[in-house]
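Fair warning: this is a prediction, and the values are worked out from it, not measured in the lab.
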Amino acid sequence: MKCKTFLKKCCIIFLETVKEGFNLNNNRENNAEKLIELRLSQFMSRQEFADLINVSVNTYRSWETGKRKCPDFAISMIEKIIRLNEKRA
């Protein structure tokens with residue numbers, strides 16, 4: 001039951017993020033640095049973090065290295081999921 005509640009909250013966070021718009025910086029390097037900062041703040045490996053946000057580790061790695069641009073809304077959503085996880089702890 002707790003898992004369903006958490007997933008429901010994640011869905012709500014996603015919808016709120018989309019409504020807020022994509023107003024993060026479009027610079028790939030800044031997004032990559034932000035992803036690394038967020039992941040390290042949670043003491044997670046790339047694989048663990050990719051699993052948390054439901055993308056392949058290869059996709060996540062390409063975002064973190066700047067080879068591909070991470071969708072702006074994804075960073076905002078990740079930040080909100082981390083805040084939600086911190087509240088649960």
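- Two residues are said to be in side-chain contact when any heavy atoms from C-beta on lie closer than 4.5 Å; C70 and Y60 fail this criterion.
- Remark: D51 engages Q47 in a side chain to side chain contact (heavy atoms under 4.5 Å, CB included) (not counting sequence neighbours).
- Using a 4.5 Å heavy-atom cutoff, the side chains of L52 and I78 are not in contact.
- Within the hydrophobic cluster formed by Ile, Leu, Val, Met, Phe, Trp and Tyr side chains joined at under 4.5 Å, directly or through other members, I36 is accompanied by L40.
- Note that the CD1 atom of I53 and the CD atom of E48 stand 12.5 Å from one another [nearest 0.5 Å].
- With sequence neighbours excluded, the residues satisfying side chain to side chain donor-acceptor pair (under 3.5 Å) with R61 are N58.
- Residues E79 and K34 meet the side-chain proximity criterion, which asks for heavy atoms closer than 4.5 Å.
- T65 meets the side chain to side chain donor-acceptor pair (under 3.5 Å) test with no other residue; sequence neighbours excluded.
- Side-chain N or O atoms of R68 include none that pairs as donor or acceptor with a backbone N or O of W63 at under 3.5 Å.
- Listed here is the closest heavy atom pair of G66 and A32: N-CB, 4.2 Å.
- Checked against side chain to side chain donor-acceptor pair (under 3.5 Å), S62 has no partners two or more places apart in sequence or in another chain.
- By the salt bridge (charged side-chain N to carboxylate O under 4.0 Å, His left out) test, R46 is found to be paired with E64, residues two or more places apart in sequence or in another chain being considered.
- By the 4.5 Å heavy-atom criterion applied to side chains, V57 and F49 are not counted as neighbours.
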